[in-house]
Amino acid sequence: MLIPGIPRLLVLAFFLLLPFVGNLYLVNQFTLLLVYGMFAMSLSLLWGYVGLLCFGHAVFFGLGAYIMAMVTKQMIPGMDGILSSSLAGILAAVGFNALFALILGWFLFYGRLSGPYLGIVTLAISVLVERIFINWYYTGGYNGISSVPALSFAGWEFSDPRHLYLLVFVLSLCAYLFLRRVVNSPFGAIISAIKHNEARAESFGFHATKYKIKVFAIGASVAGLAGALFAAAAEFVSPTELGFKMSTEVLIWTALGGREGLIASFMGAVTVKLLENYLSEALSEYWVLIIGFIFLLSVIFFPQGLFGRLLENRNKGWSVTSPQRSKTKKEGRVC
Amino acid sequence: MLAGDGKPKHILEVNGLRKTFGGLTAVENLDLRLEYGELRCIIGPNGCGKTTLFNLITGNLKPTAGRVIFEGREITAWPVPEISRLGIYRKFQVPSVFEGLTVYENMRIPYFARMKPSILGRSSVSRNEHQEIMELLERVNLAGQAGELAGNLAHGQKQWLEIGMVLASRPRLMLLDEPTAGMTIAETKITADLVQEISESSNISVMVIEHDLGFVKEVARKITVMYKGSIFREGTYEEIQADKDIHDIYLGRHR
């Protein structure tokens, strides 16, 4: 078997070196791939680690993007000057999403929704929000908002694609480290217990609903961050970003990559989007068929996803608590 | 019902408990008192409401009428986690462990219930707690399986693991629903010894639902027989054994 950390290091090295070797087209392309990857990781937290099948996750991505666009284009009355900076946009996107998810989660999870029902309701919310933005004249309706300003912090503008890439890379890395910290924390152990047996977890004194709402808010915030970066990097946002199609796509990325792993989900997004970029050129609409076929095969033959085994080492960080512990691990577990 | 020192005499008191599901009455006018440190077995034919009684005590079901009082405090229809945190922990009838986690990870979960579960902290238990987990695993014969996925354990081992997790929760009252189901005779004996040892070596009060009369004979000083949702008899094993009516209800001949 491979040494556990190596594939992950290779992924890291690849994305770190890319701007120094790739041409500008590639760098631009990969900036968006990083953003999609971050988005997929946030879904992986909800779906893979807590078992919340959220079918409308793009709502958070799209709202993050819209908020970023509206803040930095000074479309929100009363928010100008420092309040219309990129940082303000990002904070607003993350903060609003956290709040929105807390409220939405309160209704969803105290409404005892789970499994397919949760999927259906979140799907409906996604379609609903998409309709609102399509019909909302102020945000450009179907065309959305274009000419979103590039990212700039304290007067330093990220207009060079390579700089922008590196910034998004660092933020993606931070998002990954943050999410990894969360799933490896006691909080993460409890949500995993809730995923595996909710009734049992409640009988040990955990309010499953409260944990679900919290984790929902964390996932939504990270999706909001990804959305905000998307708006700035793509320089536009449209209702597509928060609707049904995007919600489905992110599910496919995550499932294909391996929903129970953060990097696996990330790589799922990168892989599918890359394939899309090249196959849609060569095959126009038929690439969707290919993706669908790959997806089917992966569900049947790789239920853990294409990268689930390669990139994730569940033992690591998950459970090692003491020297004795890691010893029993090695003896006890057949991989 | 307070004793002289102001401490309630009974750790658990159930008064006039009633639970109906539509037209079906599962528990009817049930009164029960459990003393501190007592080890009580509850027996009765299938469908007589034993598990429903547990569900009503732990809050998994809300009673139609009646009251549940734990250590002098009314806890009727409290949310499940709140009742657990008072110290009532149960082993479910179907062994309920976290199958996707290892045995050791399962054992850690109750410890996280006692700390403020930080979102960014490391998910580790202290050295003492680690020691405690290993001792508990020793007690439930799973020390060698610490790294095994709980889902891979045999049925009986899952039962032990769940008992271990309940013990790790430091219960004041332990509810065991058919702890020996699916066990061999030898395993049943080990479990009976374990339950007895728990009851004798600590001040944990224990209520056990059990069908295995060998087990009941071994552990219980007092037995409650339930029938059609109510208490039918209470007494020692010998009294229960000698009671002709009880034989009849088990054979379906009563009334």
Side-chain angles (χ1 to χ4, degrees), chain A residues 45 48-51 110 177-211 214-215 217-218 221 260 304 314-335, chain B residues 58-60 79-86 88-92 95-106 108-127 129-131 133-134 137 143-152 162 165-166 168-169 175:
Chain A
L45 173 74
Y49 288 89
V50 207
Y110 275 107
L177 293 174
F178 168 71
L179 290 173
R180 199 179 72 151
R181 191 64 271 163
V182 168
V183 299
N184 288 334
S185 68
F187 177 84
I190 294 162
I191 59 175
S192 150
I194 290 170
K195 175 194 168 189
H196 285 104
N197 194 332
E198 189 170 332
R200 180 68 270 179
E202 290 233 302
S203 289
F204 281 131
F206 303 112
H207 281 275
T209 309
K210 285 183 186 165
Y211 281 89
K214 278 184 204 163
V215 83
I218 294 172
S221 311
E260 289 180 14
Q304 283 183 305
R314 194 179 146 284
N315 296 355
K316 180 121 184 169
W318 242 101
S319 42
V320 179
T321 52
S322 69
Q324 297 99 304
R325 170 74 184 132
S326 38
K327 199 169 126 256
T328 54
K329 264 286 176 195
K330 268 179 213 133
E331 289 164 356
R333 191 76 166 278
V334 191
C335 234
Chain B
T58 57
N60 291 81
V80 174
E82 306 289 328
I83 290 178
S84 305
R85 282 176 182 271
L86 290 179
I88 304 183
Y89 292 94
R90 79 189 281 195
K91 190 206 81 65
F92 287 87
S96 293
V97 294
F98 304 112
E99 307 228 333
L101 307 184
T102 65
V103 167
Y104 186 88
E105 284 168 340
N106 268 277
R108 276 188 331 178
I109 297 294
Y111 290 88
F112 293 142
R114 278 197 293 277
M115 52 172 98
K116 179 130 181 56
S118 116
I119 289 188
L120 297 175
R122 277 185 55 78
S123 80
S124 55
V125 291
S126 70
R127 192 157 286 279
E129 289 169 329
H130 171 76
Q131 208 60 44
I133 289 178
M134 294 319 282
L137 283 177
Q145 276 86 7
E148 187 75 52
L149 274 186
N152 295 343
E162 203 178 347
M165 291 163 81
V166 167
S169 304
L175 305 175

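Just so it is clear, the values below take in all heavy atoms, side chains as well, and ignore hydrogens, waters and symmetry mates. In what follows, chains carry the letters A, B, and so on, assigned in the order in which the sequence lines appear, proteins first and then strands, with residues in each chain numbered from 1.
There is no contact between B:Val103 and chain A, counting heavy-atom distances below 4.5 Å. If you measure heavy-atom distances from A:Ile191 to chain B, you find no contacts under 4.5 Å at all. With a threshold of 4.5 angstrom between heavy atoms, B:Ser96 approaches chain A through its backbone and through its side chain. Contacts of A:Ala208 with chain B are absent, with no heavy-atom separation under 4.5 Å from either backbone or side chain.
The shortest heavy-atom contact between A:Gly205 and B:Ser84 is N-CB, 3.7 Å. Annotation for B:Val97 and A:Asn197: closest pair O-ND2, 3.8 Å, computed over non-hydrogen atoms.
Interface remark: of the candidates B:Phe92, B:Tyr89, B:Tyr111, B:Phe92 forms the most heavy-atom pairs closer than 4.5 Å to chain A. For the set B:Glu162, B:Gln145, B:Glu99, B:Met115, the count of heavy-atom pairs under 4.5 angstrom toward chain A peaks at B:Glu162.
Here NZ of A:Lys195 is found 9.0 Å from CG of B:Leu101. Values are rounded to the nearest 0.5 Å.
Residues B:Arg85 and A:Phe204 have side chains not in contact (no heavy-atom distance under 4.5 Å, counting atoms from C-beta outward).
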